[in-house]
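Notes to accompany the following structure.
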Amino acid sequence: MSSSAVARAWRRSLHDGLLRGSPWRVAPAAARSASTASASEAAAGATAGPKKVPPHPRKGRLLTGATIGLAIAGGAYVSTADEAKFCGWIFKFTQLGNPLFALLDAEFAHRLAVTAAAHGFVPREKRPDPSVLGLEVWGRKFTNPIGLAAGFDKNAEAVEGLLGMGFGFVEVGSVTPLPQEGNPKPRIFRLRDHGAVINRCGFNSEGIVVVAKRLGAQHGKRKMEETSSSMSPSTNDVKQGGKAGPGILGVNLGKNKTSEDATADYVQGVHTLSQYADYLVINISSPNTPGLRKLQGRKQLKDLVKKVQAARDEMQWAEDGPPPLLVKIAPDLSKQDLEDIAAVALALKLDGLIISNTTVSRPPPADTHLLAQEAGGLSGKPLFDLSTNILREMYILTRGKIPLIGCGGVSSGEDAYKKIRSGATLVQLYTAFAYGGPAIIPSVKAELAECLERDGFKSVQEAVGADFR
């Protein structure tokens, strides 16, 4: 696509997006100056007149103004620059919005970020990932091992936008069978000086019916695109991309707070959502749902995994088979707990483990923060060492026979590299993305590629568990 065509598309996207998603209706004159719509479209807009709406808070106006300014500046720049340079510039420019988000309530800022991604008001990665980052897991090709952890897009509202930013995979959820509000607000607290967050959300979820409708629509769109594509089918047995598009989609399943049968909740999640997932996760490690972590015990975990596996396997599957099943565990576990989990994972041939969820402990220096007294799970930089040590222990216990996903405190490519050397095949971000925004994604990937090449690794797979060789 030529730079002029990209510019036209950018301006048209801005125009359409403002009309659909902005709190203000664009006035006719503004619509004509902000887009390259045809004369007839401009004339039609001139008769509509601006829509009256209540005044919005100052912070909201600042954020909206910044978004519009970013879009207009981007449109001007793309007219004179090639797509790759523009892509890099736009990711860096998003950092200017971080101080504005910091002024907002933490949960409102989170909600705003999800909405922006859902409506396409986020940068889209056009540059290919370095080849050294590509790898194969579960018979699927990942263009890079950097994913977004569950908890950000709880209700699968922004999958396309998040994958489009360059994540190798995105995990939505946790999704509960029935809608539930979660715990009372406020329930998210920033420990900005320590790059940490405390949350006690408690599986706030719109429920599996709503999420299934969203994922079903996305899945149908992808199928239509594949059918209409003129490209010949690949002869490679390894699946390219996933069910939501070019990246891989994970669905994280939770239980309702008031449910008396946790297994039934997870089975219901499997029956409803597994057809849309590239992999499934049983989340038994959130500290914010009473009694949930008890399911990590050897007997409880074995019974749960066997029943969920059976529910998945009894469904009808195409040639690519059922989605892999993983379990997400806590970092607050004893050595005996880890041995029990490893034994169950190996005996039942579990497809993977995610290590780890948030911690109820307060590792230094976060323990000195005024908000450290708040109940809930702590994530971010203070969690890195604790979660990495658990990862290393689990890699040894499972003898590297099942894929491990490293999660907890990753904020740089060097951190991701340490997780991989400690046994992680894939790595997830969360808190660093919440603080750093879209710009952190290409930064982490570029630095990880540099680390691999510096130490002579030709691929991510070669570096997995390197500390033990």
Side-chain angles (χ1 to χ4, degrees), residues 6-7 9-23 34 59-60 62-78 81 83-102 104 106-129 143-144 146-172 214 218 221 244-249 428-446:
V6 174
W10 176 266
R11 297 188 189 107
R12 185 165 57 250
S13 175
L14 168 64
H15 176 261
D16 294 344
L18 286 172
L19 286 176
R20 288 195 306 266
S22 174
K59 292 175 182 176
L62 286 172
L63 283 170
T64 304
T67 300
I68 295 173
L70 172 63
I72 294 174
Y77 185 85
V78 78
E83 195 173 65
K85 289 182 179 179
F86 171 69
C87 187
W89 177 83
I90 203 72
F91 269 93
K92 290 180 181 178
F93 198 79
T94 60
Q95 294 175 301
L96 297 179
N98 292 344
L100 297 176
F101 275 82
L104 303 175
E107 187 159 356
F108 179 76
H110 180 190
R111 181 66 246 161
L112 189 62
V114 173
T115 301
H119 290 85
F121 291 120
V122 290
R124 190 168 185 85
E125 183 60 84
K126 299 293 186 179
R127 299 161 294 182
D129 288 325
T143 60
N144 72 77
I146 306 301
L148 179 61
F152 185 85
D153 187 8
K154 291 176 177 289
N155 298 301
E157 299 172 77
V159 174
E160 185 175 351
L162 293 169
L163 286 173
M165 281 193 279
F167 283 112
F169 62 109
V170 167
E171 189 176 311
V172 300
R214 289 197 182 112
Q218 296 165 14
K221 178 182 176 182
I248 303 297
L249 174 65
Q428 289 180 324
L429 305 180
Y430 185 100
T431 305
F433 178 61
Y435 279 125
I440 198 172
I441 306 169
S443 174
V444 168
K445 292 191 294 185

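Residues: numbered from 1 along the sequence shown.
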Suppose we screen for side-chain contact (heavy atoms from CB on, under 4.5 Å). Which residues come up paired with [X], at least two apart in sequence or across chains?
X: Lys126; value: Glu83, Cys87, Arg124
X: Ala434; value: none
X: Ala446; value: none

For [X], check ring-ring contact (aromatic ring centres under 6.0 Å, His included) against everything at least two apart and list the hits.
X: Tyr435; answer: none
X: Phe91; answer: none
X: Tyr430; answer: none

Using the test side chain to side chain donor-acceptor pair (under 3.5 Å), find all partners of [X] that sit at least two apart in sequence or belong to another chain.
X: Arg111; value: Thr115, Glu157
X: Gln428; value: Glu171
X: Asp129; value: Thr143, Asn144, Lys445
X: Glu107; value: Arg187

How many angstroms lie between atom [atom1] of [X] and atom [atom2] of [Y], to the nearest 0.5 angstrom?
X: Asn98; Y: Ile440; atom1: CG; atom2: CD1; result: 9.5 Å
X: Arg127; Y: Phe86; atom1: CZ; atom2: CZ; result: 11.0 Å
X: Phe433; Y: Ile146; atom1: CZ; atom2: CD1; result: 13.0 Å

Val159 side chain near Gln218 side chain, heavy-atom distance below 4.5 Å: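 A side-chain contact exists here, since the closest heavy-atom pair is under 4.5 Å.
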
Do you know the tightest heavy-atom contact between [X] and [Y]?
X: Ala118; Y: Ala158; result: N-CB, 3.5 Å
X: Leu148; Y: Leu429; result: CD1-O, 3.5 Å
X: Leu162; Y: Phe152; result: CD2-CE2, 3.9 Å
X: Gln95; Y: Ala439; result: CG-CB, 3.5 Å

Mind checking salt bridge (Lys or Arg N to Asp or Glu O under 4.0 Å) for Asp153 and listing every partner two or more places apart, or none if nothing turns up?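 Salt bridge (Lys or Arg N to Asp or Glu O under 4.0 Å) list for Asp153, sorted by chain: empty.
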
Got a sec, which residues hit salt bridge (Lys or Arg N to Asp or Glu O under 4.0 Å) with Lys154, two or more places apart in sequence or on another chain?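 Partners of Lys154 by the salt bridge (Lys or Arg N to Asp or Glu O under 4.0 Å) criterion come out as none, since no residue qualifies.
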
